[in-house]
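Labels below follow one simple rule: chain letters A, B, ... track the order of the sequence lines, proteins then strands, and each chain is numbered from 1.
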Protein chains: 2
Amino acid sequence: MAQGKIYVSALEVAERAGVSRSAVSRTFTPGASVAPETRRKVVEAAEALGYHVNQLARGLMRNESGIVCLIVSDMATPYRSSLIKALTQQLQNTGKIAMLVNTDRSDGSVDLALRQAIRYRADASIILSGLPDKSIADLCLKSGQRLVLINRNDDQEGTLKINLDDREAAGRVLTAFVRAGCERLAFANSDARTPSLMAREDGFVDAARAHGLDVIVERFGGTTYESGKILAQKLLTRSLRPDAVFCATDLLACGLLDAARHQFSLSVPEDLCVAGFDDIQQASWSSYDLTTFSQPVEAIALEAVSWLADEMDPAVRQSHSSRRLHAELVWRGSIRGG
Amino acid sequence: MAQGKIYVSALEVAERAGVSRSAVSRTFTPGASVAPETRRKVVEAAEALGYHVNQLARGLMRNESGIVCLIVSDMATPYRSSLIKALTQQLQNTGKIAMLVNTDRSDGSVDLALRQAIRYRADASIILSGLPDKSIADLCLKSGQRLVLINRNDDQEGTLKINLDDREAAGRVLTAFVRAGCERLAFANSDARTPSLMAREDGFVDAARAHGLDVIVERFGGTTYESGKILAQKLLTRSLRPDAVFCATDLLACGLLDAARHQFSLSVPEDLCVAGFDDIQQASWSSYDLTTFSQPVEAIALEAVSWLADEMDPAVRQSHSSRRLHAELVWRGSIRGG
DNA sequence: GCCCGCCTTGCAAGCGTGTGCAAAACTCTC
DNA sequence: GAGAGTTTTGCACACGCTTGCAAGGCGGGC
């Protein structure tokens, strides 16, 4: 396959169609004025030659690349990957395209990757990274990008913040535990101290207190299956063993469930009620059958993308810059008396 | 945040540094000739002004965008998402950036998204989509992109094909089953009939035949957990119940395991030996503890990205255009006598 | 028939960058 | 100090596209 001269340019299309280059350009610009007959000739020539608008050049002129940058850590995690999927799908629907930046490595490579993204003049960035790297957000904003923050609560100007009703959800699960007759409550958290995780924790503790109940809170590691197992060790070896655990995340819940059953030989939900958060695929697998809260992934993606598509003036955008979505409780078998 | 005039151009940097614009350009072009003193002045000015090379313009000039397009279906799947993660990481390491194209929808939107990617003049595409859409590959190639196919065996010119030793792996798991004393073998497959899935099936059947054993083959649905459950129904309700099942995929295996235990009350590995393929996270969870083959995700990513980085001449590239990697058997508790 | 207004079209400038070419500056040797 | 050789630098063109502007074409109302 020869290297040089692979792509067709608008000029060649114009020559073949017998029109000017501008006509070709206008044909592929929605809303531009071009006569039906001219358009037909251009489209025909373009098709024959295999012409594709050069988005690099167009972005250069329009000062609008059509690229949206997804900045994400732990992207192989079930929840994150389903969010990425929904976002890319929605972006494609609106004619934009997703660029993926992995921020797992905490060394300079993150910064490097981000700078790389800025070089491409992305129109916007969507941050679904748990890391509280405020500097990342700053850099994006300073580059004139629009910014969407998912499950974070940085207080930035001109950004869209999407969050769930984590506190209220925590209250609802408490009610369920109480109704199931649980008395010794626990909350299993990672110690990442992400805003959303802490909201669930605080919401749960507060709701319990309102019922005159105390909560044992344990925090450990990242939000992983393995952390869940360790949290189970910490919680289930106590002299007064909890009979209900709300896990900040489904992954934690899965680890905790496995440890409870296989290491401590407990039955769920008879000996122990468990709830999680995210409604990842595995929560519905029959080994877990976990009662949990569903992340409205599609709604989040839709909200983010349509905000990006909006050509609102800054003032309006400002006032609409925060969205709270509802996390629906999904009843399964890990809490008594559904 | 004002809309106009956000990005700094090389010209402004040049003016501030008191040099020509070319000097700025050369400073940020590796290997270009520029005096140390000039470079210092330029870097200083660039830093002060917050200058970032406009990759759109650079791509336009160099005819090389630095973008690599990841074309993927079922991206929220554990295996796929871990591969995406590895690939984006590797790409970032070599200064390239990943663009994500979701091909789940089988309507025209796929084609649209792909066309979108072509418009960005991606240097290469990596296809990890199970779909046998040969037209996609053709379109990429015709646009002069380099192409990497993972776990597919289309016979295209000038592409890199990365596969595993699926057949051999299947042989190894058969040996394990035989050594465990299993006699009634089965293979659980999706009916996607992807090359790699079929290679595992054929390899298993052939190896069994070499041992004078027959294999019950059952195919159903996509490679999902739910399909695994259904395959369990089909296999375990037989009059002569299999005592060993090789599942084409870990997801299938998880579904099959859950059904075997919870619906058929079988013990694994006592009543039934099970093996999977992919070594997804969940395979190591104690509810599954699945013996399986690990996908060398990092190695695959490394192979793909370094092939893309290579400036080999076409002839050499041609001869190196197919790589077979080794899938290592990961021993866990779902086969007797590890 | 003429004038006015609208739709369409071509021209040309510009977006921010890379790079060949020739001039300029510098280094070194004799 | 002169000349040859090597860097370094600036100029200007090119990349493929959008778009303001003005000119051309066309039809309608008088």
For [N], does the base pair up with any side-chain atom of [X] as donor and acceptor (N or O, under 3.5 Å, distance only)?
X: B/Ser22; N: D/dC11; answer: yes
X: B/Arg21; N: C/dG18; answer: yes
X: A/Arg26; N: C/dG10; answer: yes
X: A/Ser9; N: D/dC17; answer: no

Exercise for the section: Please confirm whether the backbone N or O of A/Ala124 pairs with a side-chain atom of A/Arg146, one donor and one acceptor, at under 3.5 Å? Expected result: no
Measuring from the side chain of [X] (C-beta onward, heavy atoms only), which nucleotide among [options] has the closest atom?
X: A/Ala35; options: C/dT8, C/dG18, D/dG16; result: C/dT8
X: B/Leu60; options: C/dG16, C/dT17, C/dG14; result: C/dG16
X: A/Ala23; options: C/dT17, D/dG10, C/dG10; result: C/dG10
X: B/Thr38; options: C/dG16, D/dT8, C/dG14; result: D/dT8

Whole-Å gap separating [atom2] ([N]) and [atom1] ([X]):
X: B/Gln55; N: C/dT17; atom1: CD; atom2: C1'; answer: 10 Å
X: B/Glu37; N: C/dC26; atom1: CD; atom2: C1'; answer: 15 Å
X: B/His52; N: C/dC15; atom1: NE2; atom2: P; answer: 20 Å
X: B/Phe28; N: C/dG16; atom1: CZ; atom2: P; answer: 16 Å
X: B/Asn54; N: D/dC15; atom1: CG; atom2: P; answer: 18 Å
X: B/Leu11; N: D/dA12; atom1: CG; atom2: P; answer: 14 Å
X: A/Arg39; N: C/dT9; atom1: CZ; atom2: P; answer: 10 Å
X: B/Glu15; N: D/dG10; atom1: CD; atom2: P; answer: 13 Å

Practice task
Quick one: label A/Tyr51 by what it contacts on the DNA or RNA (base, sugar-phosphate, nothing), any heavy atom closer than 4.0 Å.
Solution key: sugar-phosphate
Exercise for the section: Would you mind classifying the nucleic acid contact of B/Val34 as base, sugar-phosphate or nothing, using non-hydrogen atoms under 4.0 angstrom? Expected result: sugar-phosphate
Exercise for the section: For C/dC15, take OP1 and OP2 only and decide whether either is under 4.0 Å from a side-chain N or O of A/Arg58. Expected result: no
Problem - Contact under 4.0 Å: A/Ser33 side-chain N or O vs C/dT8 OP1/OP2 - result: yes
Exercise for the section: Check each of B/Thr88, B/Leu70, B/Ile71 against B/Leu100 using the side-chain contact (heavy atoms from CB on, under 4.5 Å) test, and report the only one that passes. Expected result: B/Leu70
Handout entry: B/Arg40 and B/Glu44 ion-paired at < 4.0 Å
Key = yes
Problem - Side chain to side chain, B/Ile118 and A/Tyr7, heavy atoms closer than 4.5 Å - result: yes
Problem - pair A/Ser196-A/Arg152: side-chain heavy atoms closer than 4.5 Å - result: no
